[in-house]
Novice: 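Take this structure first; my questions come after.
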Amino acid sequence: MYWPSAQYYFWLLLHATPSKKAKHVILIGLDGWGAYSVPKADIPTIKQLMSDGAYTLEKRSTLPSSSAINWASMFMGAGPELHGYTQWGSKTPELPSRVLNEHGIFPTVFQLLRDAQPKAEIGCLYEWDGIKYLVDTLALSHHAKAPDYNKYPEALYNMAETYIKEKHPTLLAVCFDNPDHVGHQAGHDTPEYYAKLKELDTYVNRIV
């Protein structure tokens, strides 16, 4: 599904000050987040990160605008014409990938870091099971799916907190499955949608 003028995924890069080289990078993904909502959303932590860093609200989704295609495009730095994932729940490419790494998957940021720093702690934590097919798990030190967030809404945050404190990862992706589901169920630009964004901002704050 494509949402006009919406940024399908919004990534936050938590980094050191510009004069320093970051030792740890955390990528936080909020699935289904429309850029239109940012001015109206009660998300003080995210807005502070935007103010302190760099951001855009004009980046378009990779088309077709659905989950596996866009997650893959971000992790792989390429569109579906190159990586080959073309469907919402793609587990393997529907089109032959233009390039394959030694693990038989289109190169990802995780594998590129692994090549550069073989001993680096690299992780990926997620709520949607489809993520594991897109991140090159053989390049990761750790990956895990959170329990059902409808029953355990803070589970992914808790997993991230524990992993960060115990392992001090060089690179970690934390992939939330909302506000996507709220957008599908209650609608975009609804009170429920903004309530979910406010909740997610508290998790971002605690990760920071």
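Here the structure is a predicted model, which means the values were calculated and not measured.
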Novice: Using 0.5 Å steps for rounding, measure from the NZ atom of Lys132 to the NZ atom of Lys145.
Specialist: 9.0 Å
Novice: Report yes or no: do Asn101 and Asp136 form a side-chain donor-acceptor pair below 3.5 Å?
Specialist: yes
Novice: What do the steps show when you test Met50 against Val38 for side-chain contact (heavy atoms from CB on, under 4.5 Å), and what is the final call?
Specialist: CA-CA 11 Å; Met50 293 167 66; Val38 173; 4.0 Å; yes
Novice: How about Leu30 and Asp180: do any of their side-chain heavy atoms sit closer than 4.5 Å?
Specialist: no
Novice: Show the nearest heavy-atom pair for residues Glu121 and Tyr163, with the distance to one decimal.
Specialist: OE2-OH, 2.6 Å
Novice: Indicate the atoms forming the closest heavy-atom contact of Ser141 with Ala120, along with that distance.
Specialist: OG-O, 3.3 Å
Novice: For Ser67 and Trp128, what are the C-alpha separation, side-chain angles and deciding distance, and is it a side-chain contact (heavy atoms from CB on, under 4.5 Å)?
Specialist: CA-CA 10 Å; Ser67 293; Trp128 180 52; 3.8 Å; yes
Novice: Just to verify, which of Thr45, Leu49, Leu200 counts as forming a side-chain contact (heavy atoms from CB on, under 4.5 Å) with Asn205?
Specialist: Thr45
Novice: Which distance, rounded to the nearest 0.5 Å, do you find between the CD of Gln111 and the CZ of Phe75?
Specialist: 14.5 Å
Novice: Minimum heavy-atom separation for Leu140 and Cys124, please, with both atom names.
Specialist: CD1-CB, 3.9 Å
Novice: Group every Ile, Leu, Val, Met, Phe, Trp and Tyr by side-chain heavy-atom contacts under 4.5 Å, then state whether Val208 and Ile46 land in the same group.
Specialist: yes
Novice: Of the non-hydrogen atoms in Pro153 and Tyr203, which two are nearest, and what is the gap between them?
Specialist: O-OH, 3.5 Å
Novice: Does some side-chain heavy atom of Ile164 sit less than 4.5 Å from a side-chain heavy atom of Lys167?
Specialist: no
Novice: With no hydrogens and no angle check, just 3.5 Å: does a side-chain donor-acceptor pair link Asp31 and Trp71?
Specialist: yes
Novice: Does the side chain of His24 come under 3.5 Å of the side chain of Thr170 through a donor N or O and an acceptor N or O?
Specialist: no
Novice: Heavy-atom distance under 4.5 Å between the side chains of Asp201 and Asp42, does that happen here?
Specialist: no
Novice: Out of Ile105, Val109, Leu112, which one pairs with Met76 under the side-chain contact (heavy atoms from CB on, under 4.5 Å) rule?
Specialist: Ile105
Novice: Taking all atoms of both residues into account, what is the closest heavy-atom pair of Ser90 and Tyr85, and its distance?
Specialist: CB-CD2, 3.6 Å
Novice: Within the distance-only criterion (no hydrogens, no angle test), does the side chain of Lys47 pair as donor or acceptor with the backbone N or O of Ala41 below 3.5 angstrom?
Specialist: yes
Novice: Using the rule ring pair (Phe, Tyr, Trp, His ring centres under 6.0 Å), only one of His184, His188, His181 pairs with Tyr193; which is it?
Specialist: His188
Novice: Spell out, as yes or no, whether a donor-acceptor pair under 3.5 Å connects the side chain of Ser37 to the backbone of Gly34.
Specialist: yes
Novice: About how many Å separate CD1 of Ile43 and NZ of Lys40, when rounded to the nearest 0.5 Å?
Specialist: 12.0 Å
Novice: For residues Ile207 and Ile28, determine if any side-chain heavy atom of one lies less than 4.5 Å from a side-chain heavy atom of the other.
Specialist: yes
Novice: Distance alone, cut at 3.5 Å: any donor-acceptor contact between the side chains of Glu154 and Tyr149?
Specialist: no
Novice: Answer whether the closest heavy-atom distance between the side chains of Ser97 and Leu82 falls below 4.5 Å.
Specialist: no
Novice: To the nearest 0.5 Å, what is the distance between CD on Glu81 and OG on Ser73?
Specialist: 8.0 Å
Novice: Could you grab the distance from atom CG of Asn70 to atom CH2 of Trp88, nearest 0.5 Å is fine?
Specialist: 13.5 Å
Novice: Whether Glu161 and Lys165 form a salt bridge (side-chain N of Lys/Arg under 4.0 Å from carboxylate O of Asp/Glu) is what I want to check.
Specialist: yes
Novice: Does any part of the side chain of His142, heavy atoms only, come nearer than 4.5 Å to the side chain of Leu125, both counted from C-beta?
Specialist: yes
Novice: Please confirm whether the backbone N or O of Ser61 pairs with a side-chain atom of Ser65, one donor and one acceptor, at under 3.5 Å?
Specialist: no
Novice: Is the CZ atom of Arg206 crowded by more than 12 outside heavy atoms at less than 6.0 Å?
Specialist: yes
Novice: Looking at every heavy atom in both Ala186 and Glu192, which two are closest together, and how far apart are they?
Specialist: CB-CB, 3.7 Å
Novice: Can you check whether Leu27 reaches Val174 side chain to side chain, under 4.5 Å on heavy atoms?
Specialist: no
Novice: Should Leu172 and Leu138 be regarded as members of a common hydrophobic cluster, given that ILVMFWY residues are connected when their side-chain heavy atoms come within less than 4.5 Å of each other, either directly or indirectly?
Specialist: no
Novice: If you measure only the distance, is there a donor-acceptor pair under 3.5 Å linking the side chains of Asn150 and Asp148?
Specialist: yes
Novice: When you compare the side chains of Asp177 and Tyr126, does any donor N or O come within less than 3.5 Å of an acceptor on the partner?
Specialist: no
Novice: Under 4.5 Å between any side-chain heavy atoms of Tyr133 and Thr92, yes or no?
Specialist: no
Novice: Enter the distance from Leu113:CG to Thr108:OG1 here, rounded to the nearest 0.5 Å.
Specialist: 9.5 Å
